[in-house]
**Student:** 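Here's a structure for you.
Please read these numbers as outputs of a predicted model, since none were measured by experiment.
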Amino acid sequence: MAKLQETYKLQGFLSALPVLTETELREARQAFSELENEFGEKYTQYSLHNVHLQYPWAMGLAKHPRILQVVKTILGPDVILLDSRFICKYPTLEAGQDGKDREKGVPYVAWHQDIRYWGIAGGPVLSVWLALDDSLKENGALQVIPGSHTCGMLPHQAATRPGNMLSVNQEIPEELLHTGDALLCPLLAGQMSIHDGLLVHASDANTSQKRRCGFVIRYVPTCAYPIQEPGRHREFHATTLACGTDRFNHFSSKSP
């Protein structure tokens, strides 16, 4: 674990870490399939937000021992589960299409830093992507710029390319980034990646015929606290203690 901690400190991310057994993966995929059948793919693409509060199986994933073992190595023993969301990139191009997704508004995620959206101070935000499907270049796997978490908060602006899945449609201008240093982080279903809230990352459109579904989970140490920004009200209704003890109770009121 010390090696993982050192790599994370240097690079700002870890990838291809094993989490789910074959049985656990099969059960999670089946449970998600039931949500797809109930709500439809248009909804399950991005709107299954904080369902760990509603479904015990989702809470079980968010508090999975193999996930928390790594999270505690990075954040310490006392950890708050801040937020969760399922994100799915469904196949959107018909077989044989040329894949000119930039003009078609096919869903992608622009270069950004997670911490930009959270309003958290006093401690880092750690994001987990738990893969329910294989996450590969063809279906829009995560890309990261290693070490970019040491650059501080970078300016974000309104994205000009259609299809950005970020809820506030922002991006970091590419002229501020060393995109030539970007690395792809492919995952097999059942594996996870984790990254720091300041790490610059993105993902391309799914130009394959295979779904890319993952469970994104955010964690903070209990010493972290929510802050308010002018013109942007944030609420944290879904926080719960993931492990350890909360001596600070910064999220007890659920909103900053």
**Student:** What residues join Phe248 in its hydrophobic cluster, counting side-chain heavy atom gaps under 4.5 Å, either direct or through other members?
**Tutor:** none

**Student:** Linking directly or through intermediates, with side-chain heavy atoms under 4.5 Å: list the remaining ILVMFWY members grouped with Ile172, chain and number order.
**Tutor:** Trp111, Ile145, Leu154, Leu176, Leu177, Val200

**Student:** Could you check whether any side-chain N or O of Glu6 sits under 3.5 Å from a backbone N or O of Met1, counting only pairs where one atom can act as donor and the other as acceptor?
**Tutor:** no

**Student:** Just to verify, what does His195 make a ring-ring contact (aromatic ring centres under 6.0 Å, His included) with, not counting sequence neighbours?
**Tutor:** His201

**Student:** Can any side-chain N or O of Lys63 pair as donor or acceptor with the backbone N or O of Ala58 at less than 3.5 Å?
**Tutor:** no

**Student:** Show the nearest heavy-atom pair for residues Pro124 and Asp196, with the distance to one decimal.
**Tutor:** CB-OD1, 4.1 Å

**Student:** Taking ring-ring contact (aromatic ring centres under 6.0 Å, His included) as the definition, give me every residue that meets it alongside Phe13, ordered by chain and number, with sequence neighbours left out.
**Tutor:** none

**Student:** To check you understand the geometry: which heavy-atom pair defines the closest contact between His112 and Val109, and what is its length?
**Tutor:** CE1-CG1, 3.3 Å

**Student:** For Leu53, what residues pass the side-chain contact (heavy atoms from CB on, under 4.5 Å) criterion, not counting sequence neighbours?
**Tutor:** Ala238

**Student:** Looking only at heavy atoms, which two atoms of Arg211 and Cys88 are closest? And how far apart?
**Tutor:** CD-SG, 4.2 Å

**Student:** Within this structure, what is the CG-CG distance for the pair Leu142 and Leu184, rounded to the nearest 0.5 Å?
**Tutor:** 8.0 Å

**Student:** Please confirm whether the backbone N or O of Ala131 pairs with a side-chain atom of Ser135, one donor and one acceptor, at under 3.5 Å?
**Tutor:** no

**Student:** In this structure, are over 12 heavy atoms from other groups packed under 6.0 Å from Tyr225 atom OH?
**Tutor:** no

**Student:** Is there a salt bridge (charged side-chain N to carboxylate O under 4.0 Å, His left out) between Asp133 and Arg29 once you walk through the steps?
**Tutor:** CA-CA 8 Å; Asp133 299 324; Arg29 287 171 59 95; 2.5 Å; yes

**Student:** To check you understand the geometry: which heavy-atom pair defines the closest contact between Cys185 and Ala141, and what is its length?
**Tutor:** O-CB, 4.2 Å

**Student:** Just so I know, are the side chains of Asn169 and Leu166 near enough to count as touching, which here means a heavy-atom distance under 4.5 Å?
**Tutor:** no

**Student:** What residues form a salt bridge (Lys or Arg N to Asp or Glu O under 4.0 Å) with Glu171, not counting sequence neighbours?
**Tutor:** none

**Student:** Is it true that Leu17 and Leu75 fall in one hydrophobic cluster, defined by side-chain heavy atoms closer than 4.5 Å?
**Tutor:** yes

**Student:** Tell me, do Thr240 and Ile80 make a side-chain contact under 4.5 Å, heavy atoms counted?
**Tutor:** no

**Student:** Identify the two heavy atoms, one from Leu61 and one from Ile67, that lie closest to each other, and give their separation to 0.1 Å.
**Tutor:** O-CD1, 3.3 Å

**Student:** With clusters defined by side-chain heavy atoms of hydrophobic residues (ILVMFWY) lying less than 4.5 Å apart, directly or transitively, does Leu4 cluster with Leu130?
**Tutor:** yes

**Student:** Please lay out, stage by stage, how Met192 and Trp129 fare under the test side chain to side chain contact (heavy atoms under 4.5 Å, CB included).
**Tutor:** CA-CA 5 Å; Met192 73 171 176; Trp129 175 281; over 6 Å; no

**Student:** Decide whether Leu25 and Val70 are clustered together by the hydrophobic rule: side chain heavy atoms of Ile, Leu, Val, Met, Phe, Trp, Tyr closer than 4.5 Å, transitively.
**Tutor:** yes

**Student:** Which residues pass the salt bridge (Lys or Arg N to Asp or Glu O under 4.0 Å) test with Asp114, sequence neighbours left out?
**Tutor:** Arg218

**Student:** With rounding to the nearest 0.5 angstrom, report the CD to NZ distance, Gln5 to Lys3.
**Tutor:** 12.0 Å

**Student:** With heavy-atom distances below 4.5 Å as the criterion, would you say the side chains of Pro91 and Asn206 are in contact?
**Tutor:** yes

**Student:** Between Ser203 and Lys89, is any side-chain donor less than 3.5 angstrom from a side-chain acceptor?
**Tutor:** yes

**Student:** Please, which pairs that meet side chain to side chain donor-acceptor pair (under 3.5 Å) have at least one residue in residues 66-79, sequence neighbours excluded?
**Tutor:** none

**Student:** Would you please name every residue forming a ring-ring contact (aromatic ring centres under 6.0 Å, His included) with Phe86, sequence neighbours left out?
**Tutor:** Phe32, Trp57, Phe215

**Student:** Can you confirm whether Asp246 sits close enough to Phe251 that some side-chain heavy atom of one is under 4.5 Å from a side-chain heavy atom of the other?
**Tutor:** no

**Student:** Determine, step by step, whether Ser127 and Ile217 satisfy the side chain to side chain contact (heavy atoms under 4.5 Å, CB included) criterion, reporting the C-alpha distance in whole Å, the side-chain angles of both residues, the deciding distance to 0.1 Å, and the verdict.
**Tutor:** CA-CA 6 Å; Ser127 296; Ile217 320 159; over 6 Å; no

**Student:** If we only count heavy atoms from C-beta on, is the Ile74 to Tyr219 side-chain gap below 4.5 Å?
**Tutor:** no

**Student:** Sequence neighbours left out, what passes ring-ring contact (aromatic ring centres under 6.0 Å, His included) with Tyr43? Give chain and number order.
**Tutor:** Phe39

**Student:** Given Ile115 and Met153, is the side chain to side chain contact (heavy atoms under 4.5 Å, CB included) satisfied, shown in steps?
**Tutor:** CA-CA 8 Å; Ile115 197 69; Met153 180 71 73; 3.3 Å; yes

**Student:** Would the distance check show the side chain of Asp181 and the main-chain N or O of Pro146 forming a donor-acceptor pair, the cut-off being under 3.5 Å?
**Tutor:** no

**Student:** Measuring only between side-chain heavy atoms, which start at C-beta, is Val216 closer than 4.5 Å to Ser84?
**Tutor:** no

**Student:** Can you tell me how far the CD atom of Glu27 sits from the CD atom of Glu24, to the nearest 0.5 Å?
**Tutor:** 7.5 Å

**Student:** Start with the C-alpha distance between Val19 and Gln191, add both sets of side-chain angles, then the distance that settles side chain to side chain contact (heavy atoms under 4.5 Å, CB included), and finish with yes or no.
**Tutor:** CA-CA 5 Å; Val19 177; Gln191 294 180 332; over 6 Å; no

**Student:** Write out all pairs satisfying side chain to side chain donor-acceptor pair (under 3.5 Å) with one or both partners inside residues 142-159, taking only residues at least two apart or from two chains.
**Tutor:** Gln143-Asp204

**Student:** Would you say the side-chain atoms of Tyr108 pair up with the backbone N or O of Ala202, donor to acceptor, closer than 3.5 Å?
**Tutor:** no

**Student:** Does a donor on one side chain sit under 3.5 Å from an acceptor on the other, for Thr44 and Tyr90?
**Tutor:** yes

**Student:** Grab the two heavy atoms, one from Pro107 and one from Gln45, that are nearest each other, plus how far apart they are.
**Tutor:** CG-OE1, 3.8 Å

**Student:** Within this structure, what is the CZ-CG distance for the pair Arg212 and Leu136, rounded to the nearest 0.5 Å?
**Tutor:** 9.5 Å

**Student:** Answer yes if Leu187 and Leu183 sit in the same cluster of Ile, Leu, Val, Met, Phe, Trp and Tyr residues linked by side chain heavy atoms under 4.5 Å apart, and no otherwise.
**Tutor:** no

**Student:** For the OG atom of Ser33 and the CG atom of Leu132, what is their distance to the nearest 0.5 Å?
**Tutor:** 11.0 Å

**Student:** Out of curiosity, Thr222 OG1 to Leu241 CG, how far, rounded to the nearest 0.5 Å?
**Tutor:** 7.5 Å

**Student:** Evaluate the side-chain proximity of Pro186 to Lys137: yes if any heavy-atom separation is below 4.5 Å, no if none is.
**Tutor:** no

**Student:** What residues form a side chain to side chain donor-acceptor pair (under 3.5 Å) with Ser193, not counting sequence neighbours?
**Tutor:** none

**Student:** Are Leu126 and Met59 co-members of a hydrophobic cluster defined by side-chain heavy atoms under 4.5 Å apart?
**Tutor:** yes

**Student:** Would you say Glu138 and Lys210 make side-chain contact, with heavy atoms under 4.5 Å?
**Tutor:** no

